[in-house]
Amino acid sequence: MIIVDDGSQVPPNKIIDSFSKSLNLKLFTQENKGFRAGTARNKGVENSEGEIIVFVDSGVALAHDTLETHLKLHEKSLLPTAFLGYMFGFDELNQNKEKIESLQVNGLNINEKLKEIDIETLGDRRESSFSLNGENLLSWENPWLIFWTGHLSLPRKEFLSLGGFDESFNGWGYEDIDIDFGLNWYLAGFSIEFSRSLVALHLPHEKVKQSIPEDKRKGYSNLRKRKLYDKHRLEAIRLWMEEPTEKVEFLSRQKGIGHSRICLAGEDLDWCGGQTIQYSLPLTTKSVLRKNQTGELCVSSSYQMDIKQLRLSFSNLFSWNYDGNYFDYVVAGIRIFYEKFNIFPSGILNISSQIPPQSGLSSSAALLVSIIDELDFQYGTGLSDAEKVEFSYQAETRYVGSTVGKMDYFASFVNGIFIFDSRDNSITRVASDFMKELSVYLVYSGKHSSCKIINPLKMQRYEDKEKHFLAYKDIGLIEIKEYQSNIGLQKTFELVNNFQMLMRDELLVSTLEIDVLIKKLIGLGADAAKITGCGLGGYVFALVKNDGGDKFEHELKEQSIEYIVCKGGETNA
């Protein structure tokens, strides 16, 4: 057992000597220069010999099998992992003092007493974070926010490889060494997990925080957070100065998200001064950046069952060959961000998506928006939603070589049904509660496509827009105006079906195979069906009232038709 005395007024030698016959004890002392927990802990770890380090604060009493459980978790872990333990009764100002003392806990009865404790009454102070954000820290954006050394374990080798705690963080406050090291651990690519099987009770004791006047605590705390922000420049830390811990994680998880959408009416009208009606789907693309100082961006992207990786350096950012690859959009987003802010993001960018690429569901727009949104958050550039739309739009049109309207990018930020007017880039939200009564089926049309195919076709149609759009635009605007004056379930079905015929007859973008598929879907029970992405994508969509959904799905399966279903209501982001 290693004891590090941080300049106690009364040296602990007498107490230590009383245990010397039963325990292998080593004592290290350091001069009293204020509260220097980081320095003391570093000294303890450096002089230790075990493979696993367990940090336990004063006043934290472990259940009898907790150390054994720590060890078992590490033995099963594939990655270097910091396991955060549970602390019943933990609070900041000793509010739980009387409740805990009434339990009369001692070393012999602690296991039994822990079983008596009610989580509602004496639960860990992080319960509010878990209830809002879940307990699986692998899915958190910022698990380091609850990286408290009051009760946790980690491998000694990796702790030392990161240089231990930053000893310049001195003085009281959980915002110092714990969070700083937890952030370093996370950014290094190591894992952080929480386990309720690691049980402990936080016994009441006097705390420095109690001696600080309430009106000064927040200012003092923000000074610590400011130091963290100056060191790491993470927007989540800046947000932490304004929001409680659990809210920081919640808000952070909403960043880096781009939505998919279907166009109920008006494909291509955003190119020629018209209107379109969009509906967002509960399918998203999510981008998460973990910054580091390698000078290289490692991008991993997963969608459906396909997983790809890209290593991007600053030098090849400008020599990238845009040839129809999915990563064209990633590189374009990184480049436009660099050109606007002179920032090349270094670290690991993880992209996950439920949106099939080149499906006509705005997979490219959702990807670009999610990247720009995440970079804006991580680097604190303060972009408005309109600016994110503009930068995403510029990235695709300038570098990938596709001239499109801005509707897809606006759609990534808006839920429900909305009308986009390209004449002034305005968005009008319309009543959409009735969409909760519907399921949207995305049905694979058997049509494979790629950027190489789609972009030239988009360009060709854009160049010929006057010929294609004259009749379509006028009829389409009348349809949309009528819909606005009488929005409802049946009117939505009519609108979708009418626009499928318009696109077939006026834009000439449908094919015989797609016409046959749409007719089949209507025959199987769909209330409306239409092409996605002007026929350039690989899907059509069908709208089905929920009470007919089971029968419709049964028919699709019977005929081996490939589909994705998005069941009613708005996506919550």
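Numbering starts at 1 and runs along the sequence shown.
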Write down the atom of [X], the atom of [Y], and the distance for their closest heavy-atom approach.
| X | Y | answer |
| --- | --- | --- |
| T81 | P155 | O-CD, 3.4 Å |
| H232 | L187 | ND1-CD1, 4.4 Å |
| G258 | S370 | N-CB, 3.7 Å |
| N321 | D328 | O-OD1, 3.9 Å |
| E193 | L137 | C-CD1, 4.0 Å |
| I355 | H259 | CD1-C, 4.2 Å |

So, do [X] and [Y] sit near enough that their side-chain heavy atoms are less than 4.5 Å apart?
| X | Y | answer |
| --- | --- | --- |
| L283 | C566 | yes |
| I372 | Y409 | no |
| R335 | Y338 | no |
| P356 | I564 | yes |
| F344 | I334 | yes |
| T149 | F181 | no |
| L543 | Y279 | no |
| I179 | W148 | yes |

Classify the angle between the aromatic ring planes of [X] and [Y] as parallel (below 30°), tilted (30 to 60°) or perpendicular (above 60°).
| X | Y | result |
| --- | --- | --- |
| F165 | F159 | perpendicular |
| F341 | F337 | tilted |
| F314 | F318 | perpendicular |

I need the [X] [atom1] to [Y] [atom2] distance, nearest 0.5 Å.
| X | Y | atom1 | atom2 | value |
| --- | --- | --- | --- | --- |
| I480 | S485 | CD1 | OG | 12.0 Å |
| L297 | L289 | CG | CG | 6.5 Å |
| K231 | N184 | NZ | CG | 5.0 Å |
| I531 | Y539 | CD1 | OH | 14.5 Å |
| Q378 | S252 | CD | OG | 7.5 Å |
| E296 | T294 | CD | OG1 | 6.0 Å |

Subject >> Within 6.0 Å of CZ in R311, more than 12 heavy atoms from elsewhere >> reply: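 At most 12 heavy atoms, drawn from other residues, nucleotides or ligands, come within 6.0 Å of this atom.
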
Original post:
What do you reckon, is NZ of K227 surrounded by more than 12 foreign heavy atoms closer than 6.0 Å?
Top reply: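 Yes.
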
**OP:** Take F418 and F410 through the ring-ring contact (aromatic ring centres under 6.0 Å, His included) test and state the conclusion after the steps.
**Re:** CA-CA 10 Å; F418 66 94; F410 276 111; 8.4 Å; no

**OP:** Could I get the full list of ring-ring contact (aromatic ring centres under 6.0 Å, His included) partners for Y379, not counting sequence neighbours?
**Re:**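 ring-ring contact (aromatic ring centres under 6.0 Å, His included) check on Y379 returns nothing, list empty.
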
**OP:** Please identify each residue that fulfils side chain to side chain donor-acceptor pair (under 3.5 Å) with S129, with sequence neighbours left out.
**Re:**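 Checked S129 against side chain to side chain donor-acceptor pair (under 3.5 Å); zero matches.
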
**OP:** Check side chain to side chain donor-acceptor pair (under 3.5 Å) between E135 and all other residues, then give those that pass, not counting sequence neighbours.
**Re:**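 Once residues adjacent in sequence are excluded, the partners of E135 under the side chain to side chain donor-acceptor pair (under 3.5 Å) criterion are R196.
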
Please answer whether the main-chain N or O of [Y] pairs with a side-chain N or O of [X] as donor and acceptor at a distance below 3.5 Å.
| X | Y | result |
| --- | --- | --- |
| N350 | S301 | no |
| T284 | K286 | no |
| Q254 | F250 | yes |
| E246 | R126 | no |
| S363 | L361 | no |
| S280 | R261 | no |
| R253 | N133 | yes |
| N142 | W144 | no |
| K530 | M503 | no |
| E249 | E141 | yes |

**OP:** Applying side chain to side chain contact (heavy atoms under 4.5 Å, CB included) between K388 and each of D376, V369, I371, report the one that passes.
**Re:**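 Of D376, V369, I371, side chain to side chain contact (heavy atoms under 4.5 Å, CB included) with K388 is met by D376 alone.
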
Original post:
When F413 is tested against each of I427, I257, D385 for side chain to side chain contact (heavy atoms under 4.5 Å, CB included), which residue passes?
Top reply: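 The side chain to side chain contact (heavy atoms under 4.5 Å, CB included) with F413 is passed solely by D385 among I427, I257, D385.
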
**OP:** Quick one: do K255 and L251 satisfy side-chain contact (heavy atoms from CB on, under 4.5 Å)? Show the steps, please.
**Re:** CA-CA 7 Å; K255 300 295 181 180; L251 294 172; 6.0 Å; no

Subject >> K406/E390 ion pair, N-O < 4.0 Å >> reply: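 Yes.
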
**OP:** Starting from the C-alpha separation in whole Å, work towards a yes-or-no answer on side-chain contact (heavy atoms from CB on, under 4.5 Å) for W240 and L228.
**Re:** CA-CA 11 Å; W240 195 24; L228 271 176; 4.0 Å; yes

Original post:
Where do T532 and C263 land on the side-chain contact (heavy atoms from CB on, under 4.5 Å) test, with the steps shown first?
Top reply: CA-CA 7 Å; T532 66; C263 187; over 6 Å; no

**OP:** Take T492 and Y483 through the test side chain to side chain donor-acceptor pair (under 3.5 Å) and record every step on the way to the result.
**Re:** CA-CA 8 Å; T492 300; Y483 179 74; 2.8 Å; yes

Subject >> Residue pair W320, L310: steps toward the side-chain contact (heavy atoms from CB on, under 4.5 Å) verdict >> reply: CA-CA 12 Å; W320 181 264; L310 161 73; 3.6 Å; yes

